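First the structure, in the form of structure tokens, and then the observations on it.
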Amino acid sequence: MGIKGLTKLLNDEAPGCIKEAELSSYTGRKVAIDASMALYQFIIAIRSGSEGFAAQVLTNEQGEITSHIQGIFNRTIRMLTNGIKPVYVFDGKPPTLKSGELAKRMARRQEAQSKLEAAESVEDKEKYGKRLTRVTRKHSEDAMKLLRLMGVPVVQAPCEAEAQCAELARAGKVWATGTEDMDALCFRTPKLLRRLTFGAANKQPVMEVDYQKAIDGLGLTYEQFVDLCILCGCDYTDTIKGIGPKTALKLVRTHGSIANVVRSLDKKKYQVPAGWIKGSNPAPSAKPDEATEGEDGLEGEGASNKENSEKNESAPPESDEKKKAEDAEKADDA
DNA sequence: ACTCTGAATCAAGACGTA
DNA sequence: CTAATTGATTCAGAGT
DNA sequence: TACGTCC
């Protein structure tokens with residue numbers, strides 16, 4: 001996911017919604033955390049060896065990676081001692097809306113692999129090696145086991161972890177979503193915390209984004225905000241050439257909705273990608289309807305997309321409500 | 001001149017000790 | 001049956 | 001704060 005340039009846009013256009021604070025001001029708060037992303041960062045960052053050698057991940061005797069264990073363990077301990085109660089949320093199946101983007105990533109991955117085999121210098125080997133890292137099912141299971149043993153609540157999301165985190169926050173089960181990914185705002189998490197980390201020499205303060213102030217500052221409704229994000233470019237759709245954050249905001253402000261924006265665009269100037277689905281945004285409450293404005297559309301894809309976005313929307317709130325409640329209670333006990 | 005986009009590139013944790 | 005991340009920064013070039 | 005270590 002990731003909305004291109006959203007942080008910068010919020011900073012420029014809705015300054016009130018971002019503030020910075022010390023870690024200590026969050027004691028007593030429950031925070032939902034996207035576990036997969038954390039694991040990924042740990043595996044990339046926690047390495048041994050230094051100058052002159054390609055850095056290596058930590059492993060056990062069988063050669064299995066243990067970097068993520070170190071990372072999760074330390075960070076969780078730190079949170080607990082600081083009075084912050086984490087709830088780790090693990091990814092479920094990714095929506096197939098993403099398949100296009102995923103295919104691109106696969107391609108880049110393969111490229112990295114072949115470059116790695118051809119690489120001579122240590123730097124290159126390291127660079128391409130990192131590009132190949134990924135979080136496997138096993139890494140997630142390791143982390144879940146560890147967290148359960150530590151008495152820290154774990155939630156298995158039906159789909160994307162970010163969406164589930166936002167649901168937890170909206171339901172009041174947790175106070176905020178702790179992530180580096182601005183996508184959580186599209187799922188209406190009331191509060192979003194970034195840089196919730198604990199480096200000894202803490203580099204930067206925690207960054208707190210307030211959802212309500214964000215859309216108020218931009219002067220948009222929730223639907224318009226989601227439309228803005230789609231126009232800016234997210235993982236689910238291609239972008240329109242020539243439209244970035246600034247013009248996207250202007251367009252949504254003046255036309256009110258993405259449908260009107262597309263309708264009023266000069267088609268000679270701006271090429272709207274084929275098969276652009278107006279309603280198929282990642283937001284839980286967005287209506288998955290309305291046909292595409294694209295000319296020679298690929299009907300097959302459009303249909304399957306629609307199907308899937310509906311699954312995304314209906315699954316999280318209901319099927320997980322009980323699990324959520326149980327886990328939240330556990331958090332209280334601890 | 002100025003603004004914006006878009007492609008490419010990079011970096012990514014936390015501890016204890018000196 | 002398998003996949004599975006992002007944001008910040010910088011710079012070139014197009015558009016206004 | 002810089003640096004080596006975590007497996």
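Note that these values count all heavy atoms, side chains included, but never hydrogens, waters or copies made by symmetry. As the structure is a prediction and not an experimental result, all values here were calculated from the model. Throughout, a chain's letter reflects where its sequence line sits, starting with A, and its residues are numbered from 1.
Heavy atoms of other residues, nucleotides or ligands lying less than 6.0 angstrom from CD of A:E61 number 12 at most.
In terms of modelled atom types and a separation under 3.5 Å, the side chain of A:R195 and the main chain of A:P205 share a donor-acceptor contact. The backbone N or O of A:T221 sits less than 3.5 Å from a side-chain atom of A:Q224, completing a donor-acceptor pair. In this structure, A:H139 contributes its side chain and A:T136 its backbone to a donor-acceptor pair below 3.5 Å.
Mapped onto DNA chain C by nearest heavy atom, A:L6 and A:G92 fall at different nucleotides, with A:G92 at the one closer to the 5' end.
Taking the ring centre of A:Y40 as origin, the terminal cationic atom of A:R134 falls outside the region bounded by 6.0 Å and 45° from the ring axis.
Placement of A:M37 and A:V209 in two distinct hydrophobic clusters is found when ILVMFWY residues are connected by side-chain heavy-atom separations under 4.5 Å, directly or transitively.
The interatomic distance linking A:E61 (CD) with D:dC6 (C1') rounds to 15 Å, in whole Å. As rounded to whole Å, 13 Å separates atom P of D:dC7 from atom CG of A:L146. Taking atom CG of residue A:L23 and atom C1' of nucleotide B:dA14, one finds them 13 Å apart after rounding to whole Å. Distance A:M182 CE to C:dA8 P: 8 Å, rounded to the nearest Å. Atom-to-atom, CD1 of A:I243 to P of C:dA14 comes out at 19 Å; the value is rounded to the nearest Å. A:K8 has its NZ atom 14 Å from the P atom of B:dG6, to the nearest Å. In this structure, the CD1 atom of A:I72 is 21 Å from the P atom of D:dC6, given to the nearest Å. Atom P of nucleotide C:dA8 and atom CE of A:M207 are separated by 7 Å, given to the nearest angstrom.
Using a 4.0 Å heavy-atom distance criterion, A:T7 is classed as a sugar-phosphate-only contact. Heavy atoms of A:T66 sit under 4.0 angstrom from primed sugar atoms or phosphate atoms, though from no base atom. Using a 4.0 Å heavy-atom cutoff across all strands shown, A:D91 reaches no nucleic acid atom at all.
For A:D181, counting side-chain heavy atoms from C-beta on, the closest listed nucleotide (C:dA3, D:dC7, C:dT6) is C:dT6. Comparing atom distances between the A:K246 side chain and each of C:dA4, B:dC4, B:dC15 picks out B:dC4 as nearest. For A:T247, whose side chain is taken as the heavy atoms from C-beta onward, the closest listed nucleotide among B:dC4, C:dT6, D:dC7 is B:dC4.
The closest side-chain heavy-atom distance from A:F198 to A:M79 is below 4.5 Å.
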*Residues A:S257, A:D227; criterion side chain to side chain donor-acceptor pair (under 3.5 Å); working and verdict*: CA-CA 7 Å; A:S257 79; A:D227 286 354; 5.0 Å; no
*Residues A:F73, A:T66; criterion side chain to side chain contact (heavy atoms under 4.5 Å, CB included); working and verdict*: CA-CA 11 Å; A:F73 186 73; A:T66 55; over 6 Å; no
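Listed by chain and residue number, nothing satisfies the side-chain hydrogen bond (donor to acceptor under 3.5 Å, both in side chains) test with A:K250 (two or more places apart in sequence, or in another chain).
Remark: nothing in residues 137-145 of chain A comes within less than 4.0 Å of DNA chain D through any heavy atom.
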*With the sugar-phosphate defined as primed atoms, P, OP1 and OP2, and the base as all remaining atoms, what B/S/- string results for nucleotides 7-13 of chain B, 5' to 3', for protein heavy atoms under 4.0 Å?*
S--S-BB
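On the P atoms, B:dA12 is 15 Å away from D:dA2, given to the nearest whole Å. For C:dT9 and B:dG13, the P atoms lie 15 Å apart once the distance is rounded to whole Å.
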